[in-house]
There are 2 protein chains.
Amino acid sequence: MKRELPACPVETTLMLISDRWKVLIIRDLMDGTKRFGELKKSIGSISQKVLTSNLRSMEESGLLTRKVYAEVPPRVEYTLTETGYSLKPILDSMVEWGKAYQKANQ
Amino acid sequence: MKRELPACPVETTLMLISDRWKVLIIRDLMDGTKRFGELKKSIGSISQKVLTSNLRSMEESGLLTRKVYAEVPPRVEYTLTETGYSLKPILDSMVEWGKAYQKANQ
DNA sequence: CAGGATCCCTTTGGATACTG
DNA sequence: CAGTATCCAAAGGGATCCTG
């Protein structure tokens, strides 16, 4: 799963967040820690498998942490790292740009 | 090729630029108009087919314009639209973030 | 030069069933 | 609840050959 970092900075960023779901996951975690089920619900149409694999790869990239509680039923919480949270300006820009684009193309 | 705009602004932005190559194309066009061959060369490892299909879909999205000159050999120039150029702040943020990430993970 | 056409591979995502 | 395992479909991308 771990790939080499590209030489180009913008490619590095893209590699880490450009999947269909990762930006949505990050956005939903900007509000704070969430459980697996909460994430799945707030994202909506994502399948368990895909959510799991995205979360794992983002953990590996250092964008978020995964904390497992030894309880029954199990509880797993996901939290953005500093690195993950530092993507906020990019996300905000993307939201603003997207709004303007939607307005112009509705 | 034309897809419905998602309800969510950030998804809209993602849909338009999150492919592997689109951000690189936009970045290369930030400097000004370029010919097909120049783009292909500056991007490097992209194949003709993929470059063509990305350019067409970006034209359809209103991010760039395509101008064909009736010459032999043919000349085709691509230029960012205002909309495409307005992605600059996002690109810049991505470059900055990518640099910091690379530095932290080298 | 700037592509179109074709074939194939890999990756991502989706559906369903099962489990500690 | 939060996964795993398995199978499958679709899309993006790559390679090669051909052409106005």
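- For the residue pair A/S18 / B/S18, no side-chain donor-acceptor distance below 3.5 Å is found, with atom types taken as modelled.
- We find that CZ of B/R75 is positioned 17 Å from C1' of D/dG20, with the value rounded to whole Å.
- Nucleic acid contact class of A/Y78 (heavy atoms, under 4.0 Å, all strands): sugar-phosphate only.
- Test B/R35, B/E77, B/R75 against B/Y69 for side-chain hydrogen bond (donor to acceptor under 3.5 Å, both in side chains) and you get one pass: B/E77.
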Would you tabulate the nitrogen or oxygen pairs shorter than 3.5 Å linking the protein to nucleotides 14-16 of chain C?
| from | atom 1 | to | atom 2 | distance (Å) |
| --- | --- | --- | --- | --- |
| C/dG14 | OP1 | A/R20 | NH1 | 3.3 |
| C/dG14 | N7 | A/K49 | NZ | 3.4 |
| C/dG14 | O6 | A/K49 | NZ | 2.2 |

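- Between B/S57 and B/K22 the shortest side-chain heavy-atom distance falls below 4.5 Å.
- When rounded to the nearest whole Å, the span between NZ of B/K67 and C1' of C/dA2 equals 17 Å.
- To the nearest angstrom, C1' of D/dC1 lies 14 Å from NZ of A/K41.
- The side chain of B/R35 lies closest to C/dA2, out of C/dA2, D/dA2, D/dT4.
- Residue B/F36 contributes atom CZ, which lies 6 Å from atom C1' of C/dA2 at whole-angstrom precision.
- Whole-Å rounding puts the B/Y69 OH to C/dG3 P distance at 13 Å.
- Side chain of A/K34 to main chain of A/Y78: no donor-acceptor pair is present (N/O by atom type, distance under 3.5 Å, no hydrogens or angles).
- Distance CD (A/E77) to P (D/dC1): 15 Å, rounded to an integer number of Å.
- The phosphate of D/dG3 (OP1 or OP2) has a side-chain N or O of A/R66 nearer than 4.0 angstrom.
- For A/T13 (side chain) and B/G98 (main-chain N/O), a donor-acceptor pair under 3.5 Å exists by modelled atom type.
- C/dG3 atom P lies 13 Å from atom CD of B/E38, rounded to whole Å.
- Here C/dA2 presents its P atom at 17 Å from CG of B/N54, a figure rounded to the nearest Å.
- By the 6.0 Å contact criterion, CD on B/E82 is open, its count of non-hydrogen atoms from other residues, nucleotides or ligands being 12 or less.
- You'll find the side chain of B/I26 reaches within 4.5 Å of the side chain of B/M30, heavy atoms only.
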